[in-house]
Amino acid sequence: IIILSIAFSMTAFSQSIYDFQVTTLTGETLDFTTLKGKKVMIVNTASKCGYTSQYEQLEEIYSKYKSKGFVVIGFPSNDFMKQEPGTNEEIAEFCKKNYGVTFPMMDKISVKGKDIHPVYSYLTTKSMNKLEDNDVKWNFQKYLIDEKGQLVRVVKSGVSPNDASIVNWIEGK
């Protein structure tokens with residue numbers, strides 16, 4: 001008699017963003033299953049970066065398209081040159097005061113390295129996201145998730161959140 005032991009991990013199976021729950025800046029839980037049927041832009045943010053002004057465009061597209069099933073979700077990260085040194089409270093105050101941010105902002109996390117958050121493991125690992133292996137190169141890198149919870153595009157930091165290619169994707173063009 002031969003007995004086989006098969007070990008597997010969740011990474012071997014198709015996942016979607018709906019498999020995750022995250023914590024907001026205010027300590028509440030956001031269950032990604034509440035985003036089913038919506039297009040989502042996930043972006044790692046920082047308050048002291050050359051791209052910080054993108055908060056303004058992120059808020060503009062969120063305000064314009066949230067009623068049409070589009071959500072922006074910000075993940076503050078201090079992974080790049082320590083450009084997000086603040087506490088969750090300081091980050092929330094900065095975003096509201098300087099950019100009027102109303103889109104959901106999550107707890108500060110790591111988006112790379114040994115402490116990478118599970119959401120970013122999903123976003124950057126092809127065996128999980130089924131699109132591509134990629135690295136978060138800098139602050140304000142954007143991940144576009146379709147209505148079925150699947151990663152469809154990775155957008156470089158230097159591309160504005162309201163770039164025509166992104167707006168066309170949101171609008172379904």
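Residues take their numbers from the sequence shown, with the count starting at 1.
Taking a 6.0 Å sphere around NZ of Lys148, one finds it holds 12 or fewer heavy atoms contributed by other residues, nucleotides or ligands.
Between Val43 and Val72 the shortest side-chain heavy-atom distance falls below 4.5 Å. Between Gln54 and Gln57 there is a side-chain heavy-atom pair separated by less than 4.5 Å. Contact check for Asn139 versus Gln83: side-chain heavy atoms found under the 4.5 Å cut-off. Taking 4.5 Å as the limit, some side-chain heavy atom of Asn88 sits within range of a side-chain heavy atom of Lys108. Between Val22 and Ile73 the shortest side-chain heavy-atom distance does not fall below 4.5 Å. Lys68 places none of its side-chain heavy atoms less than 4.5 Å from the side chain of Ile170. Between Val111 and Trp138, the closest side-chain pair of non-hydrogen atoms is not below 4.5 Å. You'll find the side chain of Tyr122 reaches within 4.5 Å of the side chain of Gln15, heavy atoms only.
The salt bridge (Lys or Arg N to Asp or Glu O under 4.0 Å) test applied to Glu28 returns no partner, not counting sequence neighbours. Every residue two or more places apart in sequence or in another chain that forms a side-chain contact (heavy atoms from CB on, under 4.5 Å) with Ile116 is listed here: Tyr120, Ser121, Thr124. With sequence neighbours excluded, the residues satisfying side-chain contact (heavy atoms from CB on, under 4.5 Å) with Pro85 are Lys48, Asn78. Evaluation of the side-chain contact (heavy atoms from CB on, under 4.5 Å) rule for Lys96 yields Thr102 as partners, not counting sequence neighbours. Considering only residues two or more places apart in sequence or on other chains, Lys97 meets the salt bridge (Lys or Arg N to Asp or Glu O under 4.0 Å) condition with none of them.
Looking only at distances, a side-chain donor or acceptor of Lys142 sits under 3.5 Å from a matching main-chain atom of Ser157. Looking at Glu59, its side chain never comes within 3.5 Å of a backbone N or O of Glu56 through a donor-acceptor pair. Distance alone, capped at 3.5 Å, is enough to place a donor-acceptor pair between the Thr52 side chain and the Ala46 backbone. A distance-only check finds a donor-acceptor pair linking the side chain of Asp19 to the backbone of Ser16 [under 3.5 Å]. Judged purely by atom type and a 3.5 angstrom limit, Thr45 has no side-chain atom pairing as donor or acceptor with the backbone of Gly74. With Ser110 contributing its side chain and Lys112 its backbone, the two residues share no donor-acceptor pair below 3.5 Å. With Asp107 contributing its side chain and Thr23 its backbone, the two residues share no donor-acceptor pair below 3.5 Å. The backbone N or O of Leu123 lies less than 3.5 Å from a partner atom in the side chain of Asn129, making a donor-acceptor pair.
Ile145 pairs in a side-chain contact (heavy atoms from CB on, under 4.5 Å) with only one of the listed residues (Val152, Ile17, Val71, Leu35), which is Ile17.
Across all their heavy atoms, Pro118 and Phe20 have their closest contact at O-CE2, 3.6 Å. Nearest heavy atom pair, residue Tyr18 against residue Phe32, reads CD2-O, 3.1 Å. Closest approach of Met41 and Pro161 over heavy atoms only: CE-O, 4.1 Å. Considering all non-hydrogen atoms of both residues, Val136 and Phe80 come closest at O-CZ, 3.3 Å. Annotation for Met106 and Leu25: closest pair O-CD2, 3.1 Å, computed over non-hydrogen atoms. Scanning all heavy atoms of the two residues, the minimum distance from Glu84 to Ile91 falls at OE1-CG1, 3.2 Å.
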Please step through side chain to side chain contact (heavy atoms under 4.5 Å, CB included) for the pair Glu147 and Lys39, ending with a clear verdict.
CA-CA 5 Å; Glu147 300 92 333; Lys39 289 183 177 178; 2.9 Å; yes
Between Thr125 and Ser127, does a side chain to side chain donor-acceptor pair (under 3.5 Å) hold up when you go through it step by step?
CA-CA 6 Å; Thr125 307; Ser127 65; 5.7 Å; no
Might you work through the side chain to side chain contact (heavy atoms under 4.5 Å, CB included) test for Asn134 and Gln141, ending with a clear yes or no?
CA-CA 11 Å; Asn134 67 84; Gln141 184 163 307; 3.8 Å; yes
Quick one: do Tyr143 and Asn44 satisfy side chain to side chain donor-acceptor pair (under 3.5 Å)? Show the steps, please.
CA-CA 9 Å; Tyr143 289 87; Asn44 60 304; over 6 Å; no
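For Gln21 and Asp31, the side-chain atoms include at least one donor-acceptor pair closer than 3.5 Å.
Distance check, rounded to the nearest 0.5 Å: OH of Tyr55 to CD of Glu60 gives 15.0 Å. Interatomic distance, Cys95 SG to Phe103 CZ, rounded to the nearest 0.5 Å: 6.5 Å.
Residue pairs meeting the side-chain hydrogen bond (donor to acceptor under 3.5 Å, both in side chains) criterion with at least one member in residues 163-173, sequence neighbours excluded, are Tyr65-Glu171, Arg153-Ser165, Asp163-Ser165, Glu171-Lys173.
Here the two rings, on Phe140 and Tyr51, have centers that are 6.0 Å apart or farther.
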